[in-house]
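Some notes on the structure that comes next.
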There are 2 protein chains.
Amino acid sequence: MNQSIICPRFEKAVSLLSQRWTTLLIYQLLSGPQRFGTIQSSIAISGRVLSERLKDLEQQGIVKRDVIPETPVRIEYSLTEKGFSLEPILKEIENWSQEWVKKEELDD
Amino acid sequence: MNQSIICPRFEKAVSLLSQRWTTLLIYQLLSGPQRFGTIQSSIAISGRVLSERLKDLEQQGIVKRDVIPETPVRIEYSLTEKGFSLEPILKEIENWSQEWVKKEELDD
DNA sequence: TATTTTTAGTTACTTTATGTAAGTTATTAT
DNA sequence: ATAATAACTTACATAAAGTAACTAAAAATA
């Protein structure tokens with residue numbers, strides 16, 4: 001009954017972006033390196049999940065974690081090249097949303 | 001501590017596409033109208049969730065449900081104009097995946 | 001010096017989302 | 001009349017996410 005198998009690379013990319021918070025997190029980091037607390041307060045993610053996601057994205061080479069030896073030590077998260085390469089996707093989502101998401105459906 | 005508030009339309013679009021299976025489901029319908037069973041066997045979604053997603057997407061004006069009066073009656077799901085308008089996003093994801101998803105990371 | 005704050009998390013527990021498998025209703029094929 | 005198929009739905013199990021309290025290390029304050 002089935003036909004055209006879906007490309008596994010595409011599936012992988014979709015499953016990455018379908019993880020709750022991941023897209024918003026990357027979007028947030030597009031505006032520059034940020035600390036744990038800043039990210040947490042800019043999107044509504046819980047600390048537990050943010051920590052999980054950051055580890056995950058770091059492991060996938062999308063996010064980079066830097067310990068900055070100031071006093072006090074500062075920990076900064078930023079996008080890698082691979083992370084930044086997702087920008088066109090996010091821009092398309094942004095364009096789409098401007099055109100197709102109406103005021104009436106904004107109360108989640 | 002927070003700054004730049006994220007556009008609510010963008011957030012809405014992201015939350016739509018971050019629902020598990022939604023992107024793959026839309027992708028599948030890009031190739032034309034399909035029946036419940038066909039969709040179910042082309043992506044690995046369970047009947048319970050597929051039914052839920054279709055109702056949801058129908059309500060958001062992305063998917064259309066048609067009862068085709070053949071014998072036996074056939075029920076077809078297809079994309080609306082709004083649904084098709086998501087294609088550029090999916091194409092961007094596809095492009096990205098070809099460039100950035102490596103063989104090594106394909107075993108989910 | 002002791003006490004409180006701040007940052008970057010982690011842990012334990014609850015709620016929500018998804019998966020699994022069996023059941024339902026209507027129609028059709030045997 | 002009996003079995004099969006399509007499109008769901010229901011009940012229950014497991015996994016993912018939310019909540020809130022806790023920790024460790026350093027720094028600021030009393």
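Here is how names work: the chains are called A, B, and so on, in the same order as the sequence lines, proteins then strands, and each is numbered from 1. No hydrogens, no waters, no symmetry mates; every other heavy atom, side chains included, goes into these values.
Nearest heavy-atom pair, A:L54 versus A:F36, reported as atom, atom and distance to 0.1 Å: CD1-CD1, 3.9 Å. Scanning all heavy atoms of the two residues, the minimum distance from B:K82 to A:E105 falls at NZ-OE2, 3.2 Å. Between B:D56 and B:Q19 the shortest heavy-atom distance is OD2-NE2, 4.4 Å. Nearest heavy-atom pair across A:L16 and B:W96 is CD2-CH2, 4.0 Å.
Side-chain contact, A:E99 with A:N95: no donor N or O sits under 3.5 Å from an acceptor N or O. Counted by atom type alone, B:Q28 and B:Q34 present one or more donor-acceptor pairs between their side chains at under 3.5 Å.
Using a 4.0 Å cut-off between charged nitrogen and carboxylate oxygen, B:E58 and B:K64 do not count as a salt-bridge pair.
Closest approach to the A:S46 side chain among C:dA8, D:dA7, D:dG18 is made by D:dG18 (side chain taken as heavy atoms from C-beta onward). Minimum atom distance to the side chain of A:R20 is reached by D:dG18, of the listed D:dG18, D:dA27, D:dA7. Comparing atom distances between the A:Q19 side chain and each of C:dT27, C:dG9, D:dA17 picks out D:dA17 as nearest.
Using modelled atom types, one side-chain atom of A:S18 and one backbone atom of A:V14 make a donor-acceptor pair closer than 3.5 Å. Checking side-chain atoms of B:T80 against main-chain N and O of B:G61 turns up a donor-acceptor pair under 3.5 Å.
Here the P atom of nucleotide C:dA17 and the CD1 atom of B:I45 are 15 Å apart, to the nearest Å. Taking atom CZ on A:R74 and atom C1' on D:dA25, their separation rounds to 17 Å, with Å as the unit. Straight-line distance from the CZ atom of B:F36 to the P atom of C:dA26: 18 Å, rounded to whole Å. Atom CG in B:L24 sits about 14 Å away from atom P in C:dT18, given to the nearest Å.
If you find the closest nucleotide of DNA chain D to B:I75 and to A:E70, the one lying nearer the 5' end belongs to B:I75.
If you check residues 48-58 of chain A against DNA chain C, the residues with a heavy atom closer than 4.0 Å are A:R48, A:S51, A:K55, listed by number.
Remark: A:Y77 is in phosphate contact with C:dG9, judged by side-chain N or O atoms under 4.0 Å from OP1 or OP2. OP1 or OP2 of C:dG9 sits under 4.0 Å from a side-chain N or O of A:R65. Contact annotation: A:R35 side-chain N/O to C:dA8 OP1/OP2 distance is under 4.0 Å. Phosphate proximity of D:dG18 to A:W21: present, with a side-chain N or O under 4.0 Å from OP1 or OP2.
In the helix from C:dT1-D:dA30 to C:dT30-D:dA1, the rotation axis of the first five pairs and that of the last five pairs differ in direction by 10°, rounded to 10 degrees.
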